Each structure stands twice: as C-alpha cells, then as structure tokens.
Amino acid sequence: QVQLVESGGGVVQPGESLRLSCIVSGRAASHYGLAWVRQAAGKEREFVAAIRWSAYSTNYADSVKGRFTVSIDNDKNTIYLQMNSLKPEDTAVYFCAAAEQLYIGTDTRRYAYWGQGTQVTVSS
C-alpha cells in the first residue's frame with residue numbers, strides 16, 4: 001500500500017503562483033499512477049493532473065493546461081504541482097491520490113489511495 005502526504009497550500013492573490021508537494025511512501029511509487037485532485041466547497045472532486053512515475057507520462061484537465069505543471073523528484077519520492085496564474089476558481093482542497101495499474105485518467109473513482117489534502121485559496 002502507498003501513503004501520501006501533501007503540503008504547500010496557502011492563500012495567494014489572483015495571478016500568483018504556488019507549488020504543492022506530495023511525499024510518496026510505502027509500496028514502490030512506480031506501481032502507481034499519481035494524481036492531483038481538487039474539491040471546492042460544495043462541489044464534487046475534480047481531476048487536475050496526473051503523472052506516471054516510471055514513464056513520466058502526464059495528463060491535465062483542460063481548465064489547468066498551460067498554467068499547472070506536474071512533476072516528479074525521484075530522489076525525494078515526491079511529486080509536485082506547480083500552479084501559475086492562479087484564479088479564484090482554483091480555490092479548493094487539493095488532494096494527492098494514487099491509482100493501481102498506472103492509471104492517470106480523469107475518473108477520480110479509480111484513485112484508491114488519498115492524502116489528507118491541503119487548502120489553496122486564491123483571493124484578492
């Protein structure tokens with residue numbers, strides 16, 4: 001089984017940047033697809049971005065393409081979400097999640113393992 005711990009959330013103004021981190025431990029991360037999923041207050045969880053550890057394949061939601069970048073640091077067993085040009089509609093709790101069979105698609109029900117989440121608030 002894999003364990004996920006997020007950090008890096010905070011309060012920023014529109015147009016600013018923020019980087020989230022997710023430390024991956026437990027069973028080898030190369031077995032999983034790893035994703036960032038967010039949930040705004042009163043809304044369902046929404047896929048943001050995902051990456052395969054071994055193949056470095058990535059996938060992004062249309063709403064964040066060109067603004068967000070997902071990456072991996074193998075030495076630190078950590079995945080990152082670099083968020084630029086943040087908008088108020090990006091405000092949400094951001095979760096790190098892992099799926100079996102290297103899945104990196106948009107169906108959040110396929111992600112079986114979840115971190116505790118970190119709050120991102122974009123407000124002027």
Side-chain angles (χ1 to χ4, degrees):
Q1 199 166 355
V2 65
Q3 289 81 45
L4 308 163
V5 179
E6 308 96 332
S7 62
V11 180
V12 297
Q13 294 188 345
E16 293 186 340
S17 298
L18 206 58
R19 189 179 76 163
L20 305 182
S21 301
C22 174
I23 298 175
V24 183
S25 60
R27 190 181 174 208
S30 60
H31 288 82
Y32 299 94
L34 297 160
W36 289 98
V37 176
R38 67 187 180 187
Q39 187 168 23
K43 295 188 177 181
E44 295 185 353
R45 287 181 175 178
E46 175 191 16
F47 173 85
V48 175
I51 188 167
R52 288 196 181 108
W53 199 281
S54 56
Y56 285 78
S57 299
T58 58
N59 188 22
Y60 293 93
D62 288 343
S63 60
V64 306
K65 279 181 182 176
R67 299 189 299 124
F68 291 10
T69 303
V70 61
S71 62
I72 285 174
D73 185 328
N74 283 299
D75 292 338
K76 296 182 179 179
N77 274 7
T78 300
I79 67 168
Y80 300 100
L81 184 68
Q82 177 66 43
M83 304 185 293
N84 298 330
S85 302
L86 281 161
K87 305 175 182 180
E89 52 262 44
D90 294 318
T91 295
V93 177
Y94 283 71
F95 296 91
C96 183
E100 301 279 3
Q101 300 179 330
L102 302 176
Y103 178 79
I104 58 168
T106 61
D107 186 353
T108 59
R109 297 169 298 178
R110 291 283 302 271
Y111 293 92
Y113 307 98
W114 295 80
Q116 81 287 351
T118 185
Q119 176 70 45
V120 172
T121 302
V122 185
S123 175
S124 55

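Computed from a predicted model, the values in this text were never measured in an experiment.
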May I have the step-by-step check of side-chain contact (heavy atoms from CB on, under 4.5 Å) for L86 and E16, ending in yes or no?
CA-CA 6 Å; L86 281 161; E16 293 186 340; 5.5 Å; no

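- Sequence neighbours left out, the pairs with a member in residues 109-121 that pass salt bridge (Lys or Arg N to Asp or Glu O under 4.0 Å) are D107-R109.
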Only distances under 3.5 Å count here; give the side-chain donor-acceptor pairs of residues 117-124 to other protein atoms, sequence neighbours excluded, each with its distance to 0.1 Å.
from, atom 1, to, atom 2, distance (Å)
T118, OG1, G9, N, 3.1
Q119, NE2, A92, O, 3.4
Q119, NE2, T121, OG1, 3.4

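- Residues satisfying the side chain to side chain contact (heavy atoms under 4.5 Å, CB included) criterion with D73, sequence neighbours excluded, are D75, K76, Y80.
- Residue pairs satisfying the salt bridge (Lys or Arg N to Asp or Glu O under 4.0 Å) criterion with at least one member in residues 112-124, sequence neighbours excluded, are absent.
- The two residues A98 and V2 come nearest to each other via the heavy atoms CB-CG1, 3.8 Å.
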Evaluate the criterion side-chain contact (heavy atoms from CB on, under 4.5 Å) for residue pair W36 and C96; output intermediate values, then yes/no.
CA-CA 5 Å; W36 289 98; C96 183; 4.2 Å; yes

Would you check, one step at a time, whether the test side-chain contact (heavy atoms from CB on, under 4.5 Å) holds for L20 with E6?
CA-CA 7 Å; L20 305 182; E6 308 96 332; over 6 Å; no

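- Not a single ring pair (Phe, Tyr, Trp, His ring centres under 6.0 Å) links Y60 to another residue, sequence neighbours left out.
- Shown here are the side chain to side chain contact (heavy atoms under 4.5 Å, CB included) partners of D62, two or more places apart in sequence or in another chain: K65.
- Sorted by first and then second residue, the ring-ring contact (aromatic ring centres under 6.0 Å, His included) pairs involving residues 12-34 (not counting sequence neighbours) are Y32-Y113.
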Run the numbers on F95 and L4 for side-chain contact (heavy atoms from CB on, under 4.5 Å), then give the verdict.
CA-CA 9 Å; F95 296 91; L4 308 163; over 6 Å; no

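- For residues 94-105, the salt bridge (Lys or Arg N to Asp or Glu O under 4.0 Å) pairs, not counting sequence neighbours, are R27-E100.
- Remark: Y103 engages Y111 in a ring pair (Phe, Tyr, Trp, His ring centres under 6.0 Å) (not counting sequence neighbours).
- How far CZ of R52 is from CD1 of I104: 4.0 Å, rounded to the nearest 0.5 Å.
- Under the side chain to side chain contact (heavy atoms under 4.5 Å, CB included) criterion, A112 pairs with no residue at all, not counting sequence neighbours.
- Rounded to the nearest 0.5 Å, atoms OG1 (T78) and CD1 (I72) are 10.0 Å apart.
- Note on residues 81-95: pairs passing side-chain hydrogen bond (donor to acceptor under 3.5 Å, both in side chains), not counting sequence neighbours, are S17-N84, R38-D90, R38-Y94, R67-D90, Q82-N84.
- Here the closest heavy-atom approach between residue T108 and residue F47 is recorded as CG2-N, 3.9 Å.
- Residues L34 and C22 are not in side-chain contact: their nearest non-hydrogen atoms beyond the backbone lie 4.5 Å or more apart.
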